[in-house]
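No hydrogens, no waters, no symmetry mates; every other heavy atom, side chains included, goes into these values. The sequence lines fix the lettering, A, B, ..., with proteins before strands; numbering per chain opens at 1.
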Amino acid sequence: MKRNPFFLVIILILAISSPVYSNPQVPSNLLNLAWSAENQVSFVGVENTGIYLDGHREFNVSRVYAMVPNKFRREYIYPPELAGDVLIDDGNQRYYYQVKRRKVIIKPTLFSPEQKQLQEKQLQLIYKNYNITQSQSRFLNRDITKIVISDKEEKKPILALWIDNETYTILKRELYSPDGKVRQYSFYVEIKFNPTLNNSLFIWQKPSELLTTIEQKGETIIPLQEAQKRYPEIATIPSMINNEYECLGVREVPNGIVLQFSDGIKSFLVFNINPIPPLPPMATEKSVSGKKVFYWKVDDIDGIAWSYKNKNFLAIGQLEKNIIERLIEDIK
Amino acid sequence: MRCDEVRRLLSAYYDKELPPEKIEAIREHLSYCTSCSKNLDSIKKIHSLMDYFPTLEVGPYFESQIFQKLEEEKRKGKRFNLGLKLALGFGIGILVLFFAINNIWNLSGDTSNPSLNTYVKEYVDFTGTHISKNNPGLAITVSNALGDYIK
């Protein structure tokens, strides 16, 4: 039978307009686009962000403004103790003004090349350590792709992202506990893209009632190898722990330094500080790899403190038993 | 209603001294907050313990005995007034010396010690990258909520 060319053209048009063809982004590409869209789209929205602690929810609501390139503002509306607080990122620095305390904390921008590098590193770790699946859905009357990042072995969802198909903005996020319950979340209650925004929204103006200014210059992240030359007490700590968690860098903190470990989503921090602050009353003494440590757990956050050769260490985060053992072994 | 507000009102709630809307709000909060429910349990325990104390019967000369005791204390006070002044002066001197030494130490090195909460906040800030990035308020909320456990 002779094929009708008109029929073939129809098939071709249908194939091109089908969802599979029109949305060719594989999950990893989509994640890359979503990560880099953060400072590439202007919008105004109202966001609800929360965390479940000890079985109940703590959350805040804020109005968010984003302007291309690299400008961000958040105005807190709820709860009452945060209402009136403002965060401004002007692309160079971040100003967090706490109105009731009449205090401003100034930190480097989150749009710096160092932060971008950190994000890229986290993405690489996500691809390495997790499974990524996607599905199409609707959120806030917009077409979105829902990305679910799951544990490779147990296939448990760890993080879910609702990504806008048109702008790649992440409209909703959910982070899950090991038992599968939502641990942290954030979502836009409303969002409007490409609004007309006044540049003055993103300029920090010192209020007359300001009492305290804290500049946190020590936010700069030092690569592990460089930090190990400066601080010999952390020289034996490897860059990878259990082939999953990688040290993303070292930062200065009050009374010492902190090493930041992440597997892309889960994380823990190792502090080398002097002195160790008073530990919570529930801290109990344990022996790990023949070493005396103090361990406690508050909600989902584990903590251990130990000393080695007059140096004090404190680890805080999601600390599985094998991570604790490895850390103590390595620092020996 | 938030935990700190509930805790402040718990005793009045137990004594039924609150308006109905507050009672309702606290009751709802207690239905899911184990920490505040435990606090209420403690208040109940204290009250039940107080029930064991015997009620004191006041005798007919109670008032005059009290005034007599007060007069005696006043006389003793006058006798030791000079000694008390000397002791106070010595104590203040020691305190001034202590603060002076402390200031010298502070000049030679920072002795301010952050609490564990400072380091927990660092963790919440870092781990919240995927959710609470650019939302420092969440770290404050978390550390306030955990503040009861970690000072």
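B:Pro114 and A:Pro254 get closest at one heavy-atom pair: CG-CB, 3.6 Å. Smallest separation of non-hydrogen atoms from A:Pro278 and B:Leu116: O-CB, 3.9 Å. Among all heavy-atom pairs drawn from A:Tyr96 and B:Gly137, the shortest one is OH-CA, 4.0 Å. For the pair B:Leu138 and A:Ile51, the tightest heavy-atom approach, listed with the atom from each and the gap, is CD1-CG2, 4.2 Å. The shortest heavy-atom contact between A:Phe271 and B:Glu122 is CZ-CB, 3.9 Å.
Only the side chain of A:Leu248 comes within contact range of chain B, with at least one heavy atom under 4.5 Å from a heavy atom of that chain. At a 4.5 Å heavy-atom cutoff, the contact between A:Leu87 and chain B is made by side-chain atoms alone. Residue contact with chain B, scored on non-hydrogen atoms closer than 4.5 Å, is absent for A:Ile170. Within the 4.5 angstrom heavy-atom criterion, no atom of A:Ile276 approaches chain B. Contacts between A:Phe261 and chain B at a heavy-atom distance below 4.5 Å involve the backbone alone (N, CA, C, O).
Only one option out of A:Asn255, A:Val258, A:Leu269 pairs with B:Tyr119 in a side-chain contact (heavy atoms from CB on, under 4.5 Å); it is A:Asn255.
Contacts between residues 75-84 of chain A and chain B, defined by a heavy-atom separation under 4.5 Å, are made by A:Tyr76, A:Glu81, A:Leu82.
Remark: B:Glu24 pairs with B:Arg27 by the salt bridge (charged side-chain N to carboxylate O under 4.0 Å, His left out) rule, at least two apart or across chains.
Rounding to the nearest 0.5 angstrom, the gap separating the CZ atom in A:Arg73 from the CG atom in B:Asn134 is 13.0 Å. Here the OG-CZ distance, from A:Ser262 to B:Phe126, works out to 5.0 Å after rounding to the nearest 0.5 Å. Separation of atoms CG (B:Asn135) and OG (A:Ser186) is listed at 8.0 Å; rounding is to 0.5 Å.
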* Decide side chain to side chain contact (heavy atoms under 4.5 Å, CB included) for A:Gln318 and B:Tyr123; before the verdict, give the C-alpha distance in whole Å, the side-chain angles of both, and the deciding distance to 0.1 Å. => CA-CA 10 Å; A:Gln318 288 167 296; B:Tyr123 168 68; 3.8 Å; yes

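The neighbour count for A:Lys297 NZ, taken as heavy atoms of other residues, nucleotides or ligands under 6.0 Å away, is above 12.
With chain B as the partner, the residue from A:Asn274, A:Asn60, A:Asp89 showing the most heavy-atom pairs under 4.5 Å is A:Asn60. Between chain B and the residues A:Asp85, A:Ile273, A:Leu314, A:Leu279, the most heavy-atom pairs under 4.5 angstrom are made by A:Ile273.
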